[in-house]
Structures are given as structure tokens and as C-alpha cells.
Amino acid sequence: MASALAGAEELRRNSVGAIELTDDHGRRRTVQLEELSAADRELAEKFGYKPVFKREFGYLSTFSFAVSISGLFATVATTYVYPLYAGGSSSAVWCWLISGAGCMCIACSVAELVSAYPTCGGLYYTVSRLAPKEYVPAISWVDGWLNLLGQVAGIASSEYGSAQLLLAAVSMGTDFSYLPTNDHTVGVMAGLTILNGVINSLPTYWMEKMTKSYVIFHVLVLVTCSIALLAKTKPRHDADFVFVFHDEYATSGWTPVGFSFLFGFLSVSWTMTDYDATAHITEEINEPEVKAPWAISMAMAFTYIVGFLFNIVLGFCMGDYTEILTSPIEQPVAQLFFNSLGKGGGIFYTVCAFIILQFVCFTATQALGRTVFAFSRDRLIPLSRVWTIINRRTGTPLYAVWISIFWCIVINLIALGSYTAILGIFNVTAIALDWSYVIPIMCKLIFNKFEPGPWHMGRFSVFVNIWACLWTLFVSIIFILPTYRPVTADNMNYAIAYLMAIFVAALTYWFFVGKHWYVGPLVEAEIVDENEPTKEKVADSDGGSNGAHDNKEVHV
């Protein structure tokens, strides 16, 4: 294997060719392969894609990007209600430890695939390298749509949570004389989502600068908040309350009562997901085959360990369990801040949680915009010619960004009709995203076509991959069940309805439209050895490879 990889690398270094690019002023120029960076040359030669993004991300900014996707401090705050109903503090602590281990297996499996195939298509692209050719179109179609809709649901739910946190801070400022309504939350959400689109309209250079500073801010907030809570909360709970499961705190109505404990997994899985967001910016990272998987694995390890400790701090400083669970602002952690730290401290750390969740939305939308671009590049999405346009001034796919913003707002309009229905978005995010990762992992295990990149798990790879698949199957069953019993229209878990809608829409579109022209991830450029006859291979709009398409001309 090592000699084969070395031979392939030698061929790439010795190949002679050029690729035609469009500059910032719309002028077309031919660039020799040896003039490109190693990452851009590999993108053109190994994966068949033209380099169109500037590679601005280094180690720190890539790690910060990966950390920001989890938004630990804020996402725990917005999802803490699930383990509270499931079993109180013990559910939050032990579900994090158990579920986090499963999430780490998924994250490391994703990192391994990203190292081998670093393109902004993410895990969707890897199907073309891991599955037999005849299965690639159908598998990549389902995987791509799951990933795309999971990302949209993730950003929509994060923006909704941001609006809730901001209005909770406002409510604290009025001593709870103002209480936000669903209509208010949806209105603020729409404004924040538009702001998110404006931020993501900036060039990659500015996005990298913003992202680099984020991880420092996040760590400072986590540390100072934990110290402040431990110092100011009097009296604190004992270890029995924090670590031992008590039936009286399992208020979900499920029997046996221990089954209620399992619903605490939702908070962990919603926080520790979207692992491949970093993969979607690999075409903007220097040495992506090394830095991207390193960032994914290290960021998730950071989230796992620090999240476990933070949940313990919240358990000791929770105060009156019933009071925070029935908070008028419907944000248990924000109420906890207010009770322990007073009005000023409560507002400060709730606003910090809001800012952190906005960073989650900024980075997740950057990843989503690149996903829409990559999927459109492969003709997976209708009107694909529009979403692949790169703005000359910013060097980013602005149309892809704004169509993403549009759908995130549309999804959250569901809350105008039913708050319970919008809660299903939280559930479906983790399920759709994790299955979009597990499908390529299963292809790796079943078809045995995987060629590892620089970052891989060696002898532990198969075991970790298998556990990632089994864990995803297990928690998916938990997440589609109603979290409260008896089940009514007001507490129904609508995640299963959303999932079925996703599958029905994707499969219907496939059978009536997609299967007639979609062939899986396309090749824009094929580079050949100088001793072979000159070739020109460019994917056309029908998924073929005859003639030129748009400006993607290749000279070899």
C-alpha cells in the first residue's frame, strides 16, 4: 500500500498540465499545475476539482472553527431541559459521559475519511471513492440530501435558540415583567439569520480572522462562569444529587422510569455533531489532509471533556430543580445564572451564550454555503449553475449562502403555528447529520476500498467505525420516540415526521428526476501524464463528460 501511494504521489509531482481559472475581474487565465499549492494541485489532480477558494485557514483558525461548531457553553444552555426532564443532574452528567464516547467514535471516523478525501463536498464526496461505481449515484444522492437538510435544520434550530437566549436576557433586564412569545422569538430569529447571511458574505480572509478569536473567548467564558457559579452558589447540592439517579427527577412519564434517563442523550448528540462542517471548508485550509482531521478530533475531544466537567458544575449549582425547570423564560440554564449570580451576572452570561451560539451559526452557515456549492458542482441541487457562481469581489459563493439563509428562516416559521413542532428540529438535526456520516462509514466497512490519508486510526479503525454505526442506530431510535407520556398533540416528538418527509422528498425526486441524469460526484478536470494523448474532460449539465461546461475548461 505504501509503495502504491508513493507511486501515485510521484506521478502527481511529475505530471505536466495546466488548469484554466477565472480571476477576480472575470479574466480567464491558464495556471501551470506546478504553480499551485500542494493542496490545490491535489484537488485538481486527485479529486478532479478546480481550486476556486483562497486557502486562508491555518491550525488555530481551523481548530477554532471546529470548536465553534459545537458551541459547548451555549448549546448545553439551550438543550439542558432534555436531561432535566429525563432524570435531573445525573442524567445530564452520565448521558454526557456515555453518549460523548459514541460521538467521539463518529467524530474520529469522520476525521479519518476527511484526511483521505479533503474536498468541500465532505462525507458525501467520499461515497464516490468508497462504494462500487454502480451504487454511487443512489447512495450519494440520499447521503447528500440527508447532510444538506441536517445542516439547514441545525442552523435553523441554533438561530432559534439564539433568539431565545437574547430575549431571556431582555426578560431578566425587566425583572421578568416582559416574557417573550413565539412570535417575538421568530421575529428576532429572522433578523439574526439575516445578520448571519451578511457576515457570511464577507471574504474568507475576514471569516478566518473572526473564527481565530472565537476559541479564546469561548474558553474564557466557560472557565469564568464555572468559577463564578461555584463561588456564588449557596448552598450547593451534594454529590448524591449530582451523580445518583433518583426516580422523582424523571418526569417524562415513561415506564420503567429508568428508560426516561435515555432522553438525556439528546443534549449531547445535538452539541457533539456536525463533525464534517470542517470538511466543507477544506478547500480553504492549507494542508487540509492533516489540519482538518486534527481539528475535528481535537475539537470534539475538547468538547467531550470540558462538557462533562461543565455539566457537573451545573449539577452542583442548580439550586431549586423545580424552579429552573418551570422558569417563565423557559431557559433553565439562564434561570440558573440569574439565581446564582444575580441580575447582572445572569444577563452577562446569558448574553455570552447568545454570542457563542451566533458564532456557531456563522461557522455552520459558512460550511453550509460551501456544501451547497459542492453539491451544485455535482448537479445534486436544482438550479445548480446559480449556486456555483463565485462572487468576484469576495471569492465566495454568495448565492449559495443566501439560499441557505432563506431556507433556515422558512423552517423556523413552523414555530408560528406550533412551538412543539419546532422542537422536533432539534431532534432531527442530530439524526440526519449522523446518518449522513454513518452511510460513508458503512461503505468503508462493507466495500473495503478505503485508502487512508495521513490521519488515520490504524488497527483501531474498524472497531471505532463499527461502534459509530451501532451507536447512531441506537440513539436514532431514542430520538424519534416521544419525550413525554402520555403523548398528546402538545408534546409529540415530530422528528419522525421530519425524517420521513426528508426521505420521501429525496427518494421521489430521485426516482422521477435524479436517476435519469445524476451520476454522483463529477469530475471537472482530469490531469494525465505528459506521455499520454492530450485529454479534455469536463462535466456537462447532464452529468456527462463531453465538451465544456461553464468556465471549467482544462488544458493538459
Side-chain angles (χ1 to χ4, degrees), residues 24 52-58 60-75 78 120 148 151-167 169 185-218 221 274 277-278 280-285 295 299 351-374 387 389-412:
D24 293 341
V52 297
F53 297 111
K54 293 182 179 179
R55 296 187 182 270
E56 305 278 7
F57 281 73
L60 178 59
S61 51
T62 306
F63 174 73
S64 187
F65 183 97
V67 169
S68 69
I69 287 298
S70 69
L72 173 62
F73 183 79
T75 51
T78 55
C120 66
L148 183 65
Q151 287 190 64
V152 172
I155 296 170
S157 55
S158 296
E159 289 288 16
Y160 196 88
S162 289
Q164 287 179 313
L165 289 172
L166 182 60
L167 292 177
T185 305
V186 170
V188 173
M189 172 280 305
L192 292 174
T193 309
I194 291 172
L195 173 63
N196 184 8
V198 172
I199 295 296
N200 269 276
S201 297
L202 297 173
T204 299
Y205 172 83
W206 293 108
M207 292 298 295
E208 188 270 346
K209 297 301 179 189
M210 289 177 56
T211 303
K212 188 180 291 184
S213 62
Y214 163 82
V215 70
I216 300 171
F217 174 74
H218 195 174
V221 170
D274 209 2
T278 307
H280 294 302
I281 65 162
T282 50
E283 294 179 30
E284 298 167 78
I285 301 174
V351 170
C352 285
F354 160 74
I355 293 172
I356 288 171
L357 201 50
Q358 278 298 285
F359 265 103
V360 172
C361 296
F362 294 159
T363 51
T365 301
Q366 183 181 359
L368 176 57
R370 276 47 171 184
T371 303
V372 172
F373 167 85
W387 319 130
I389 295 174
I390 301 296
N391 184 270
R392 297 174 184 175
R393 185 178 298 274
T394 67
T396 56
L398 291 188
Y399 293 129
V401 168
W402 282 98
I403 191 62
S404 303
I405 294 297
F406 170 78
W407 283 111
C408 288
I409 293 175
V410 168
I411 283 181
N412 272 329

(request) Take Val401 and Trp387, measure what side-chain contact (heavy atoms from CB on, under 4.5 Å) needs, and give me the verdict at the end. (result) CA-CA 8 Å; Val401 168; Trp387 319 130; over 6 Å; no
For the atom pair [atom1] ([X]) and [atom2] ([Y]), what is the distance rounded to the nearest 0.5 Å?
X      : Y      : atom1 : atom2 : answer
Thr371 : Leu148 : OG1   : CG    : 7.0 Å
Ile405 : Asn196 : CD1   : CG    : 4.5 Å
Thr365 : Gln151 : OG1   : CD    : 9.5 Å
Asn200 : Trp402 : CG    : CH2   : 9.0 Å
Ser68  : Leu357 : OG    : CG    : 11.0 Å
Tyr214 : Phe362 : OH    : CZ    : 11.5 Å

Indicate the atoms forming the closest heavy-atom contact of [X] with [Y], along with that distance.
X      : Y      : answer
Ala400 : Gly369 : CB-O, 3.5 Å
Ile411 : Ala156 : CG2-CB, 4.0 Å
Ile155 : Leu368 : CD1-CD2, 3.5 Å
Ile356 : His218 : CD1-CD2, 3.6 Å
Cys408 : Val152 : SG-O, 3.8 Å
Ser162 : Cys361 : OG-SG, 4.3 Å

(message) The test is side-chain contact (heavy atoms from CB on, under 4.5 Å); show your working for Thr396 and Arg370 and say whether it passes.
(response) CA-CA 9 Å; Thr396 56; Arg370 276 47 171 184; 3.4 Å; yes
(message) Looking at Trp407, I'd like to know if its CH2 atom is crowded, meaning that more than 12 non-hydrogen atoms belonging to other residues, nucleotides or ligands lie closer than 6.0 Å.
(response) no
(message) Counting neighbours of CZ on Phe63 that are heavy atoms of other residues, nucleotides or ligands and sit closer than 6.0 Å, is the number greater than 12?
(response) yes
Using modelled atom types only, decide if a donor and an acceptor are shared between the side chain of [X] and the backbone of [Y] within a distance under 3.5 Å.
X      : Y      : answer
Ser64  : Val215 : yes
Thr75  : Ser70  : yes
Thr363 : Val360 : yes

(request) For side chain to side chain donor-acceptor pair (under 3.5 Å), just list the numbers for Asn412 and Glu159, CA-CA rounded to whole Å, side-chain angles, deciding distance to a tenth of an Å, and then say yes or no. (result) CA-CA 9 Å; Asn412 272 329; Glu159 289 288 16; over 6 Å; no
(message) Checking side-chain contact (heavy atoms from CB on, under 4.5 Å) between Tyr160 and each of Thr193, Val186, Leu192, which is the one that passes?
(response) Val186
